[in-house]
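Throughout, protein chains are lettered first and strands after them, A, B, ... in sequence-line order, and every chain is numbered starting at 1.
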There are 2 protein chains.
Amino acid sequence: MRRDVFQAIADPTRRAIIHMLASKPMNLNAIAEQFSISRPAISKHIKILAECDILHIRQQGRERFCTSKLENLQPVKDWLTQYEIFWNQKLDALAQHLEAPPGNDNKESQS
Amino acid sequence: MRRDVFQAIADPTRRAIIHMLASKPMNLNAIAEQFSISRPAISKHIKILAECDILHIRQQGRERFCTSKLENLQPVKDWLTQYEIFWNQKLDALAQHLEAPPGNDNKESQS
DNA sequence: TTATTATGTAATCGAATGGTTACAAATATA
DNA sequence: TATATTTGTAACCATTCGATTACATAATAA
């Protein structure tokens with residue numbers, strides 16, 4: 001099962017969860033209340049985000065407080081940054097930097 | 001069918017295609033040759049990227065030349081930017097900016 | 001005209017995704 | 001202790017995803 005930050009943020013519900021946790025930690029039920037889908041569904045999304053280390057879970061009694069670790073969105077930022085210069089029209093300067101063998105922009109396989 | 005930039009870049013093959021096209025336009029067969037998967041599979045990926053306007057297809061005779069439109073990765077950059085301040089430790093200044101109703105960080109529905 | 005080339009698309013398939021309900025377990029409260 | 005609360009997880013389901021093979025079509029080349 002592929003599990004990476006790009007896949008994690010692909011789902012709009014997960015992005016909404018990230019958004020909620022950006023400002024304050026919340027426990028799972030508090031998060032789930034904000035959505036129309038079921039608590040187990042939210043639980044799964046939380047699990048995926050935790051596996052990608054985008055959020056941290058602190059167990060406190062029977063509650064689990066989720067805190068976002070937004071700095072782990074860095075791979076996405078890095079990925080974008082390498083192309084940013086292109087959409088700023090400065091095409092030629094970095095062209096040879098991207099002449100590297102294709103498919104090497106990440107560590108995953110191609111299929 | 002959900003079709004947005006976040007979903008488009010979630011697939012590693014599509015990211016590799018984006019990478020290849022960043023430096024130079026290529027036609028579909030030339031792209032497909034760089035991968036071990038079949039041409040129709042690449043064709044579908046290209047279609048998805050085109051639907052998200054991440055690449056532009058120029059028909060020239062029987063060939064279709066693909067050019068990346070990296071500037072349309074902007075929604076991802078924007079999404080990241082709103083959180084960037086958080087992973088730079090400046091948490092409180094922007095906290096109230098994110099007190100907006102959750103799930104409003106994008107135009108998609110939550111399920 | 002007859003290949004050959006470049007590409008799209010339909011049909012199909014297995015696996016992954018995103019959701020559900022039902023239940024179990026651990027902690028807190030009455 | 002009995003009950004309520006918070007959560008995880010198993011079983012299941014429909015849909016989507018990413019891939020395949022087979023075929024069709026349009027443009028170029030021989």
Dot-bracket assigned to DNA chain C with the 3.5 Å Watson-Crick/G-U criterion, [ ] for crossing and | for other-strand pairs, is ||||||||||||||||||||||||||||||
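Side-chain atoms of B:R14 do not come within 3.5 Å of backbone N or O of B:I9 as any donor-acceptor pair.
For D:dT7, neither phosphate oxygen OP1 nor OP2 lies less than 4.0 angstrom from any side-chain nitrogen or oxygen of A:S43. The side chain of B:K47 contributes an N or O atom lying less than 4.0 Å from OP1 or OP2 of C:dT9. Residue B:S38 places at least one side-chain N or O closer than 4.0 Å to OP1 or OP2 of D:dT20. For the OP1/OP2 pair of D:dT5 and a distance below 4.0 Å, the side-chain nitrogens and oxygens of A:N29 include no atom meeting the criterion.
Atom CD in B:Q7 sits about 13 Å away from atom C1' in D:dT15, given to the nearest Å. The separation between B:E63 atom CD and C:dT4 atom C1' is 13 Å, rounded to whole Å. Rounded to an integer number of Å, the gap from A:D11 CG to D:dT15 P is 18 Å. One can place CD1 of A:I48 at 10 Å from C1' of C:dA16, the figure rounded to the nearest angstrom. One interatomic measurement links the two molecules: CE of A:M26 to C1' of D:dT6, which rounds to 14 Å at whole-angstrom precision. Atom pair B:L49:CG and D:dG18:P shows a separation of 11 Å (rounding to whole Å applied). If you take CZ of B:F35 and C1' of D:dT20, they are 17 Å apart, rounded to a whole angstrom. For the pair A:H45 NE2 and C:dG18 P, the interatomic distance rounds to 6 Å; values are reported in whole Å.
In this view, A:A10 and B:A10 satisfy the side-chain contact (heavy atoms from CB on, under 4.5 Å) rule, not counting sequence neighbours. Scanning for side-chain contact (heavy atoms from CB on, under 4.5 Å) contacts around A:N29 gives A:N27, A:R39, with sequence neighbours left out. By the salt bridge (Lys or Arg N to Asp or Glu O under 4.0 Å) test, A:K69 pairs with A:D53, sequence neighbours left out.
Under the 4.5 Å side-chain heavy-atom criterion for ILVMFWY residues, no single connected hydrophobic cluster contains both B:F65 and B:L70. Hydrophobic clustering (ILVMFWY, side-chain heavy atoms < 4.5 Å, transitive): A:I48 and A:L21 are in distinct clusters.
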Reading nucleotides 22-30 of chain C from 5' to 3' and marking B where a protein heavy atom lies under 4.0 Å of the base, S where only the sugar-phosphate is that close, and - otherwise, the string is B----BS--
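Evaluation of atom-type donor-acceptor distances gives a pair under 3.5 Å for the side chain of A:K44 against the base of C:dT20.
For B:F35 against B:M20, the heavy-atom pair with the smallest separation is CE1-SD, 3.6 Å.
The residue from A:T67, A:I46, A:L49 that alone fulfils the side chain to side chain contact (heavy atoms under 4.5 Å, CB included) condition with A:I57 is A:I46.
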Would B:L28 and B:S43 count as a side-chain contact (heavy atoms from CB on, under 4.5 Å) here? Give the steps.
CA-CA 7 Å; B:L28 196 137; B:S43 181; 4.1 Å; yes
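Side chain of A:A41, nearest nucleotide from C:dT20, D:dA19, C:dG18: C:dT20. The side chain of B:I37 approaches D:dT20 more closely than any other nucleotide in the set C:dA6, D:dT20, C:dG18.
Sorted by first then second residue, the salt bridge (Lys or Arg N to Asp or Glu O under 4.0 Å) pairs that include residues 70-81 of chain A, not counting sequence neighbours, are A:K77-B:E84.
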